[in-house]
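Chain letters run A, B, ... following the sequence lines, proteins first, then strands; residues in each count from 1. All values derive from a computational prediction rather than experimental measurement.
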Amino acid sequence: MFERFTKDARSAVVDAQLVAREAHSDQIDTRHVLVALAERPGPARTALSDGGVDVAALVAEARAKIEAGDALDPAALAAVGIDLDEVTRRTEATFGEGALARAGRALRGRRKHIPFTADAKKSLELALREAIRLGSKEINGGHLLLGMTRAESPARRILSDAGADLDRIRHLAEGTSEAA
Amino acid sequence: MSQQALVASAAGDDPADGLRAVRALRELADRLEALQVERARRLGWSWQEIADSLGVSKQAVHKKHNRRI
C-alpha cells in the first residue's frame, strides 16, 4: 500500500512520528496524522482551509489534546486512589525537579518505533479505499484526510469539536484528490 | 470525564476507565523503575543486586536498562 503513497502522504506518516515524539505519545493515532497533514502544504491542508478551518488553531488544539492524553493520566490514577501530584512531589524530593517527566522522555526515546493504533491503521486502509473509489492510482494527503474522516475517529472528533463542516471538507478533499 | 466521575467509578464499572488506570499505573511503574535503577547504579549497586530487589532476572534488568544508563 505505501508504495502508492504520494510524497505528501509519505511525509505525513513520517511527520506523525515526530508529532508523537514531541508529545511523548506512546502510540500514533489519527490526530497525529491530522496534525502532520495540516502543518504541510498539500491537498489535505488546502481542503481544510478552503473548508473554513482555522488550520493553525486546529493544530494547536490537536497538539494540546494529544499531550493531555499522556499515558501518565492523573485522572486515571486518581480513579484507583493514587494522587499523582503527591507521587511527583515525593519522587522529585529524591530525584530532582521534573524527574518523572524526564524518566518518561527517557523511556520514549528508547523506542525507535512508535506504533500506530488500530484506528490509525484502519484510517490508512480507508484512505486506500477512498483513492480507489475516486479512481486514483495514488494515495495523497487528501485521501488520508478522507480516510480518517470517513468513520468515527479521534481526528474526526477533533475536527467536529473545532466546528468544522465535515461534509464540505470531505467534498473539497475529494475535489483535490480525484484521479490524482 | 471529570476526575470526580472517574473516582466514582474507581473499581471500574466501565472497562475503559479501568484499563486507562492500568495503563497509567504501568507507565508510572516504568518511570519509577527507570529512576530507581539509574540511581542504584550510580550508588554502585550491581545488576544482580538490582535484579534481586526487583524480583526479576539479572539478564532482564540489564537488557531493559543498560543502554540508557
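Between A:Asp73 and B:Arg23, no side-chain nitrogen of the basic residue sits less than 4.0 Å from a carboxylate oxygen of the acidic one, so the salt-bridge criterion is not met.
In this structure, A:Leu34 is a member of the same hydrophobic cluster as A:Val13, with clusters built from ILVMFWY side-chain heavy atoms closer than 4.5 Å. Under a hydrophobic-cluster definition in which Ile, Leu, Val, Met, Phe, Trp and Tyr are linked whenever side-chain heavy atoms come within less than 4.5 Å, directly or via other members, A:Ile82 and A:Leu84 are assigned to the same cluster. If you chain together hydrophobic residues whose side chains sit under 4.5 Å apart, A:Leu166 and A:Leu145 fall into the same group. Taking hydrophobic clusters as Ile, Leu, Val, Met, Phe, Trp and Tyr residues chained together by side-chain heavy-atom distances below 4.5 Å, A:Val14 does not share a cluster with A:Phe2.
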What donor-acceptor contacts under 3.5 angstrom involve side-chain atoms of residues 43-51 of chain A, with partners at least two apart or in another chain?
unit_1	atom_1	unit_2	atom_2	d
A:Arg45	NH1	A:Glu39	O	3.3
A:Thr46	OG1	A:Gly42	O	2.9
A:Ser49	OG	A:Arg45	O	3.1
A:Ser49	OG	A:Thr46	O	3.4

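The side chain to side chain contact (heavy atoms under 4.5 Å, CB included) test with A:Val80 singles out one residue from B:Val22, B:Asp17, B:Leu25, and that residue is B:Leu25.
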Side chain to side chain contact (heavy atoms under 4.5 Å, CB included) between B:Leu32 and A:Leu100, intermediate numbers included: CA-CA 7 Å; B:Leu32 289 175; A:Leu100 272 184; 4.0 Å; yes

Apply side chain to side chain contact (heavy atoms under 4.5 Å, CB included) to residues B:Gln36 and A:Phe95 and explain how you reach the verdict. CA-CA 9 Å; B:Gln36 293 291 355; A:Phe95 297 98; 3.5 Å; yes

Working for side chain to side chain contact (heavy atoms under 4.5 Å, CB included), residues A:Thr91 and B:Arg31: CA-CA 10 Å; A:Thr91 306; B:Arg31 292 192 194 187; over 6 Å; no

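Taking CG from A:Leu77 and CG from B:Leu28, the interatomic distance works out to 6.0 Å, rounded to the nearest 0.5 Å.
Here the closest heavy-atom approach between residue A:Ala76 and residue B:Ala24 is recorded as CB-CB, 4.2 Å.
Within 6.0 Å of the CZ atom in A:Arg63, the count of heavy atoms belonging to other residues, nucleotides or ligands exceeds 12.
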